[in-house]
**Q** 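Could you have a look at this structure, given as structure tokens, before my questions?
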Amino acid sequence: MSEQHRLSFDTPGRGSVEITAEIAAVVRKTPLDSGIAHVFVRHTSCGLAITENADPTVRRDLETLLQRWAPDGDPAYRHDLEGDDDMAAHARSLLTGTSLTVPFAGGQLLLGTWQGIYLFEHRTHGHRREIVVTLLG
Amino acid sequence: MSEQHRLSFDTPGRGSVEITAEIAAVVRKTPLDSGIAHVFVRHTSCGLAITENADPTVRRDLETLLQRWAPDGDPAYRHDLEGDDDMAAHARSLLTGTSLTVPFAGGQLLLGTWQGIYLFEHRTHGHRREIVVTLLG
Amino acid sequence: MSEQHRLSFDTPGRGSVEITAEIAAVVRKTPLDSGIAHVFVRHTSCGLAITENADPTVRRDLETLLQRWAPDGDPAYRHDLEGDDDMAAHARSLLTGTSLTVPFAGGQLLLGTWQGIYLFEHRTHGHRREIVVTLLG
């Protein structure tokens, strides 16, 4: 059995936005006993990741590393139509991935205590990001 | 409910091959209303990723970065039985992953406009790559 | 249809522990004909990956690269409450991911010949790691 929901988020620009509460709200209402929640972004310049929800410097340090791994405006890039952050955003998307999955049971996500679900905006400017949540059980 | 399909692809060597049409063809025929398509490579030296399907220089730049992240013939490698690209291919596989998932509904993959599904061959030479597609709904 | 199982593993510290046999044992007993096994760690400082199961130097070389990609005690980190390996572990977790999925059929994981499932402990010291396995079919 499965059910599908569409969500959208307006990001303020590069950085991460916690979306745990929105995914948890979908899971709370499902008639499915248990299964997995699949979260998918319909874009190639943002991503999804589960990381620590307590100290926000964790996500600041992840941004520092993402900038190191996929620098903006790297002279090696050939794809630069939309600016210095364009190719960097696609490369960050490869590293974070475009989907994630979390088990649920009894209407609750089975996240660990310190785990949060984050939408990573990889472009410098904000965008409206469409997400498909599929619950399978 | 689920169904499973086996596909195989002959890669021409390092680089990415678009397989969106082949996955879409499996989804088009399913009796399942909606759910997710799970795509899995049965290998440790190739990978799967969703990235931009418009400008091919995106995938050329991803290759440039993969070569930087996991250089061929790095002197630090101890695993080099099969040549300079051997360990680099396993490391690229860690970064791209061996599976990906895409939601579907009404016989259509719910990819965004600019998203394509790519098989990344991480070895220098071409290989026959086996893929298992599982539809869950 | 789905079923869910809880496993836990005591890691001996940084490095990878093969858990293929434990996941295969769950799959062997399922009444589901075919589907996918979803494996999830409830932590932000360890990860999961499928890689070569033959030559252990592959996983040693992956550790070498993880140390290069996310160095311990990097001066750029702001999150260092729990020591030099703290932020490095969160960054490694972003790269390896916190879940993986493998198709199964007839009570068998459909892994390739050279694929093993590994729990990567990203902290220097050992931890008890909780895993949720969800079978969907």
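The figures that follow rest on heavy atoms only: side chains count, while hydrogens, waters and symmetry mates do not.
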**Q** Based on non-hydrogen pairs under 4.5 Å, which of B:V58, B:T57, B:T51 is most in contact with chain A?
**A**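 So the answer, after comparing B:V58, B:T57, B:T51, is B:V58.
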**Q** We want to know whether B:D61 and A:H90 form a side-chain donor-acceptor pair, criterion being a heavy-atom distance below 3.5 angstrom.
**A**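 Per modelled atom types, B:D61 and A:H90 side chains form no pair under 3.5 Å.
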**Q** Could you look at A:R6 and say if it's the side chain, the backbone, both or neither that has a heavy atom under 4.5 Å from chain B?
**A** side chain
**Q** Name the option with the most non-hydrogen atom pairs under 4.5 Å to chain A; the candidates are B:T64, B:L95, B:N53, B:V102.
**A**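 Maximum pair count with chain A is reached by B:V102.
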**Q** Can you say whether B:L32 sits under 4.5 Å from chain A via the side chain, the backbone, both, or neither, judging by heavy atoms?
**A** neither
**Q** What part of A:F40 gets closer than 4.5 Å to chain B, counting heavy atoms only: side chain, backbone, both or neither?
**A**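 Side chain only.
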**Q** For B:P12 and B:V17, work out which heavy atoms get closest and say how close.
**A** CD-CG2, 4.0 Å
**Q** Can you name the nearest heavy-atom pair linking B:L62 to A:A91, along with the distance?
**A** CD2-CA, 3.7 Å
**Q** Does any backbone or side-chain atom of A:H38 lie under 4.5 Å from a heavy atom of chain B? Answer side chain, backbone, both or neither.
**A** side chain
**Q** Under 4.5 Å from any heavy atom of chain B, what part of A:M1 do you find: side chain, backbone, both or neither?
**A** backbone
**Q** In terms of heavy-atom proximity below 4.5 Å to chain A, should B:T101 be classed as side chain, backbone, both, or neither?
**A** both
**Q** For B:R92, is there an ion pair with B:D85 - N to carboxylate O distance below 4.0 angstrom?
**A**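 B:R92 and B:D85: not salt-bridged.
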**Q** Which heavy atom in B:S16 sits nearest to a heavy atom in B:R59, and how many Å separate them?
**A**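 Nearest heavy atoms, B:S16 then B:R59: OG-NH1, 2.9 Å.
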**Q** Looking at B:R60 and B:D55, is any side-chain nitrogen of the basic one under 4.0 Å from a carboxylate oxygen of the acidic one?
**A**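 Between B:R60 and B:D55 there is no salt bridge, as every charged N stays at least 4.0 Å from the carboxylate O atoms.
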**Q** Return each pair, listed once, that meets side chain to side chain donor-acceptor pair (under 3.5 Å) where at least one residue sits in residues 24-34 of chain A; pairs must be two or more places apart or across chains.
**A** A:E3-A:T30
**Q** Give the interface residues of residues 106-137 of chain A toward chain B, defined by a heavy-atom separation under 4.5 Å.
**A**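 Hits under 4.5 Å: A:V132, A:T134, A:L136.
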**Q** Using every non-hydrogen atom in the two residues, find where B:G35 and A:S2 come nearest and quote the distance to one decimal.
**A**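 Answer, listing the atom of B:G35 first, then A:S2: CA-OG, 4.0 Å.
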**Q** Give a yes or no answer on whether the side chain of A:Y77 reaches the backbone of A:P71 with a donor-acceptor pair at less than 3.5 Å.
**A**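 Yes, because the side chain of A:Y77 sits within donor-acceptor range (under 3.5 Å) of the backbone of A:P71.
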**Q** Indicate yes or no for a side-chain donor-acceptor contact from A:Q4 to the backbone of B:F104 under 3.5 Å, with no hydrogens or angles considered.
**A** yes
**Q** Please classify the contact between A:D74 and chain B as side chain, backbone, both or neither, with a heavy-atom cut-off of under 4.5 Å.
**A**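 Just its side chain gets close to chain B.
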